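The structure presented is a predicted model; accordingly, all values stated were derived computationally and were not measured. Letters go in sequence order (proteins before strands), and every chain restarts at 1.
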Number of protein chains: 2
Amino acid sequence: MRPTRQRTAVVEAMTSFDDFRSAQDIHDLLGRGTTPVGLATVYRTLNALVEAGEVDMLRTEDGEAIYRRCSETHHHHLVCRECGATIEVEGPAVERWTRTIAAEHGYSDVAHTLEIFGTCAACRRA
Amino acid sequence: MRPTRQRTAVVEAMTSFDDFRSAQDIHDLLGRGTTPVGLATVYRTLNALVEAGEVDMLRTEDGEAIYRRCSETHHHHLVCRECGATIEVEGPAVERWTRTIAAEHGYSDVAHTLEIFGTCAACRRA
DNA sequence: CCCATTTTGACAACGATTCTCAGCAAAGCG
DNA sequence: CGCTTTGCTGAGAATCGTTGTCAAAATGGG
Ligand SMILES: [Zn+2]
Ligand SMILES: [Zn+2]
Ligand SMILES: [Zn+2]
Ligand SMILES: [Zn+2]
């Protein structure tokens with residue numbers, strides 16, 4: 001994979017915010033900067049980053065994909081439903097539990113999704 | 001909400017299978033029966049049922065909404081990504097864990113989503 | 001440089017979902 | 001029953017996120 005101007009721009013954009021954002025948002029963000037990147041390229045690059053484990057993708061309630069640069073170890077998210085503030089969380093017991101459940105029922109090639117939504121302290125006060 | 005022929009047909013269709021299916025699938029199923037229902041009405045009815053808590057909706061890895069009539073107690077799903085075969089699972093420890101994590105970080109009004117995806121034994125053989 | 005290969009991006013295409021709105025059906029009423 | 005009012009339906013259009021197309025541009029090795 002070649003280190004192109006566009007890919008660098010997307011990677012840097014991903015480090016410039018701390019919440020989950022849609023591909024369109026990221027495309028807009030780049031458009032206002034010094035290195036505009038085509039929407040198709042934004043999607044391609046994000047998918048590659050997700051594939052490489054450098055970016056996390058999850059889906060909103062209405063099915064839209066949103067992206068965030070995260071640590072590379074497996075984790076889940078505690079997300080404020082008001083402001084999007086995100087905290088990465090780990091749960092070794094949950095990881096074990098999902099594997100056990102799947103194995104018990106003969107399911108292979110197992111993956112799981114787990115997100116916790118709440119209202120953060122700052123938003124509750126507001 | 002009026003008990004129309006179409007709504008009854010959708011509700012009955014939901015009791016006739018045990019896996020998660022897309023709105024299109026359910027529309028096709030109804031189309032082969034004695035009471036065809038328009039696709040828009042299928043969507044409207046399913047959304048209402050989800051709202052009423054009578055049907056569970058979740059999203060496949062590529063964002064498509066799939067629906068299933070489930071038990072009324074809180075539970076999660078072990079879903080075959082090939083055929084949709086679904087097993088309801090409960091994890092009291094996970095429920096406790098999510099509450100603890102959220103409380104530790106000062107998040108209130110907590111909800112969570114958790115799904116396990118895999119390939120079931122039947123589909124692995126095929 | 002030169003060439004083979006990869007990448008880009010404007011645009012078209014796609015698929016799931018929602019919207020539109022004229023026609024239809026279900027209550028309510030006398 | 002007729003009549004009215006109101007909610008419901010559905011074919012097709014519109015929407016919207018996402019992916020495919022493909023000629024032009026960029027890249028890197030020789
Ligand atoms: Zn993450
Ligand atoms: Zn996990
Ligand atoms: Zn299966
Ligand atoms: Zn739960």
Side-chain angles (χ1 to χ4, degrees), chain A residues 1-14 17 19-52 54-68 79 84 113 115, chain B residues 1-14 17 19-52 54-68 79 81-84 113 115 117:
Chain A
M1 195 195 244
R2 291 181 183 170
T4 66
R5 181 161 52 261
Q6 289 87 344
R7 281 174 189 159
T8 306
V10 171
V11 169
E12 290 194 352
M14 293 307 292
F17 57 86
D19 48 351
F20 277 90
R21 298 202 186 174
S22 72
Q24 306 261 6
D25 288 343
I26 294 160
H27 172 251
D28 291 348
L29 187 62
L30 289 163
R32 289 198 301 274
T34 62
T35 311
V37 178
L39 183 56
T41 300
V42 171
Y43 273 106
R44 278 187 296 245
T45 306
L46 286 173
N47 286 348
L49 290 171
V50 168
E51 199 69 24
E54 293 184 37
V55 163
D56 277 7
M57 184 258 278
L58 63 85
R59 293 193 179 269
T60 63
E61 182 65 17
D62 50 317
E64 187 180 12
I66 51 180
Y67 305 84
R68 178 183 190 260
V79 184
T113 66
E115 316 297 340
Chain B
M1 195 193 246
R2 292 182 183 168
T4 65
R5 182 163 47 260
Q6 290 87 343
R7 282 175 188 161
T8 307
V10 170
V11 169
E12 289 194 353
M14 293 307 291
F17 57 85
D19 49 349
F20 275 91
R21 298 202 186 176
S22 71
Q24 306 261 4
D25 289 342
I26 294 160
H27 172 251
D28 291 348
L29 186 63
L30 289 163
R32 289 198 302 273
T34 62
T35 311
V37 178
L39 184 56
T41 301
V42 172
Y43 274 107
R44 279 186 294 243
T45 306
L46 286 174
N47 287 347
L49 290 172
V50 168
E51 201 68 26
E54 292 184 39
V55 162
D56 278 5
M57 185 259 280
L58 60 88
R59 295 199 176 264
T60 63
E61 287 168 343
D62 50 317
E64 188 181 9
I66 51 180
Y67 305 84
R68 177 181 191 260
V79 184
R81 62 167 66 83
E82 293 297 324
C83 69
T113 66
E115 316 298 340
F117 294 97

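- At the phosphate of D:dC16, neither OP1 nor OP2 sits under 4.0 Å from any side-chain N or O atom of A:Q24.
- Residues B:R2 and B:T41 each lie close to DNA chain D; by heavy-atom proximity, the contact nearer the 5' end of the strand is made by B:R2.
- Taking atom CG of residue B:D25 and atom C1' of nucleotide C:dG15, one finds them 14 Å apart after rounding to whole Å.
- Across all strands, B:R5 comes closer than 4.0 Å only to sugar-phosphate atoms, never to a base (heavy-atom distances).
- Taking only side-chain nitrogens and oxygens, B:T4 never comes nearer than 4.0 Å to OP1 or OP2 of C:dA25.
- For the pair B:M57 CE and C:dA16 P, the interatomic distance rounds to 15 Å; values are reported in whole Å.
- Atoms CG (A:L39) and P (D:dG20) sit 14 Å apart, rounded to a whole Å.
- Proximity of A:R7 to the phosphate of C:dT8: a side-chain N or O atom is located under 4.0 Å from OP1 or OP2.
- In this structure, the side chains of A:L49 and A:V10 come closer than 4.5 Å at one or more pairs of heavy atoms.
- For the pair B:D62 CG and D:dG20 P, the computed distance is 12 Å after rounding to whole Å.
- One can find a donor-acceptor pair under 3.5 Å joining the base of D:dG10 and the side-chain atoms of B:R44.
- For B:N47, no side-chain nitrogen or oxygen approaches OP1 or OP2 of C:dT17 to under 4.0 Å.
- Note on A:Y43: a side-chain N or O is less than 4.0 Å away from OP1 or OP2 of D:dT18.
- Distance NE2 (B:H27) to P (C:dG15): 16 Å, rounded to an integer number of Å.
- Within the 4.5 Å cutoff, the side chain of B:L58 has heavy atoms near those of the B:F117 side chain.
- The B:A40 side chain lies nearest to D:dA11 when the options are D:dA11, D:dT18, C:dG9.
- Using a 4.5 Å heavy-atom cutoff, the side chains of A:L29 and A:R21 are in contact.
- If you take CZ of A:R21 and P of D:dG17, they are 16 Å apart, rounded to a whole angstrom.
- Looking only at side-chain heavy atoms (C-beta outward), A:F20 and A:D25 stay at 4.5 Å or farther from each other.
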